[in-house]
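Right, one structure below, let's go through it.
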Amino acid sequence: MEQIGLLERVEDAFKDERGIYRIADPLIRFHQLVVSRHEGRLVRHESARVWTDVTDTVAAKIYGPHFEDLAREWTLAQASTETLGGTPSWVRPATLACREHREGHELDVVASRSVPFEPDQVLAIGEAKATAKPVDVAELDRLEHLRTLLPPKATEEQPKLLLFGRAGFTRLLQKTAAARQDVALVDLERLYLGT
């Protein structure tokens, strides 16, 4: 199934054995999560009610992961070296252990540069939000916390912070980011058109 593109393995940036398998195509995920589970209701022309019932599921399980994939692809293929502080060799998600919160924190984007005979160096980390609300300063605070949890051997220089927002960013976050050299905001226009 992996060879024909139905499943894909998503590797963790810091734990090689921690990759997960998931359905690769968002349309197939939509069919599995919505159509097949509500087929009877859809046949009875209850699509408006079904859509109301599944809106959160679609946002979390389809839009969210797809937007995260777009953010990683942009980071690897389109982001400028100025934005990232270098050229990444690979970009992956990660889960970071946190003693303070006693849980693992998911990180959508980890852009790293591989150097022969040295540990990989993290250039940037990022969070991708596919919500209908603009991203606020709280997400920047969360990223700053996650930056402190990165392995020290992988962060000789302080990684840049990337925030991806489907619905853009609050004015406070825009103002905060404009005053900092280590923060980049990536909205849909920049995601599709710019570096």
Stepwise side-chain contact (heavy atoms from CB on, under 4.5 Å) check, L188 with R166: CA-CA 6 Å; L188 287 178; R166 185 187 85 164; 4.1 Å; yes
Evaluation steps, side-chain contact (heavy atoms from CB on, under 4.5 Å), between T155 and Q121: CA-CA 6 Å; T155 56; Q121 292 298 303; 5.5 Å; no
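In this structure K61 satisfies the side chain to side chain contact (heavy atoms under 4.5 Å, CB included) test together with L33, T57, sequence neighbours excluded. Legend: residues meeting salt bridge (charged side-chain N to carboxylate O under 4.0 Å, His left out) with D69, ordered by chain and number and at least two apart, are R22, R72. Applying the salt bridge (charged side-chain N to carboxylate O under 4.0 Å, His left out) test to R113 and every residue at least two apart in sequence or in another chain returns nothing. For E100, the side chain to side chain contact (heavy atoms under 4.5 Å, CB included) partners at least two apart in sequence or on another chain are C98, H145. R142 meets the side chain to side chain donor-acceptor pair (under 3.5 Å) test with E127; sequence neighbours excluded. Taking R147 as the reference, D182 meet the side chain to side chain donor-acceptor pair (under 3.5 Å) condition, with sequence neighbours excluded. Scanning for side chain to side chain contact (heavy atoms under 4.5 Å, CB included) contacts around D187 gives F169, E189, R190, with sequence neighbours left out. D53 is linked by a salt bridge (charged side-chain N to carboxylate O under 4.0 Å, His left out) to R41, counting only residues two or more places apart in sequence or in another chain. Applying the side chain to side chain contact (heavy atoms under 4.5 Å, CB included) test to S80 and every residue at least two apart in sequence or in another chain returns E82, T83, T195. With sequence neighbours excluded, the residues satisfying salt bridge (charged side-chain N to carboxylate O under 4.0 Å, His left out) with E144 are R180.
One distance of note links CD of Q174 with OG1 of T170; it measures 7.0 Å at 0.5 Å rounding. Separation of atoms CG (L146) and CD (E106) is listed at 10.5 Å; rounding is to 0.5 Å. Taking CD1 from I62 and CZ from F67, the interatomic distance works out to 16.0 Å, rounded to the nearest 0.5 Å. Note that the CZ atom of R49 and the CG atom of L42 stand 11.5 Å from one another [nearest 0.5 Å]. The CG atom of L185 sits 9.5 Å away from atom CG of L162, with the distance rounded to the nearest 0.5 Å. Remark: Q78 CD to L70 CG distance equals 10.0 Å, nearest 0.5 Å.
Sparse packing is recorded around CD of E73, with 12 or fewer heavy atoms of other residues, nucleotides or ligands lying under 6.0 Å away.
The hydrophobic cluster analysis finds L123 isolated: no Ile, Leu, Val, Met, Phe, Trp or Tyr side chain comes under 4.5 Å of it, directly or through other members.
Hydrophobic cluster membership is shared by L161 and L163, with clusters built from Ile, Leu, Val, Met, Phe, Trp and Tyr side chains linked at under 4.5 angstrom.
Here the shortest heavy-atom pairing between S114 and S89 reads N-OG, 2.9 Å. The two residues T75 and A79 come nearest to each other via the heavy atoms O-CB, 3.6 Å. Considering every non-hydrogen atom in both L76 and P88, the closest pair reads CD1-O, 3.9 Å. In terms of heavy atoms, L191 sits closest to W74 at O-CD1, 3.2 Å. Nearest heavy-atom pair across A71 and A128 is CB-CB, 4.0 Å. When all heavy atoms are compared, the tightest approach of A124 to L84 is CB-CD2, 3.8 Å.
Looking only at side-chain heavy atoms (C-beta outward), F164 and V109 come within less than 4.5 Å of each other. The shortest side-chain heavy-atom distance between L107 and T95 does not fall under the 4.5 Å cut-off. At least one side-chain heavy atom of V135 sits under 4.5 Å from a side-chain heavy atom of L173. Taking 4.5 Å as the limit, some side-chain heavy atom of P159 sits within range of a side-chain heavy atom of L150.
For the pair S36 (side chain) and H31 (backbone), a donor-acceptor distance under 3.5 Å is present. A donor-acceptor pair under 3.5 Å is formed between the side chain of D25 and the backbone N or O of L27.
Side-chain atoms of W90 and S112 form no donor-acceptor pair, as typed in the model, at a separation below 3.5 Å.
Screening L143, L96, D108 for a side chain to side chain contact (heavy atoms under 4.5 Å, CB included) involving I125 leaves a single residue, L143.
The stretch residues 153-165 participates, sequence neighbours left out, in no salt bridge (charged side-chain N to carboxylate O under 4.0 Å, His left out) pair at all.
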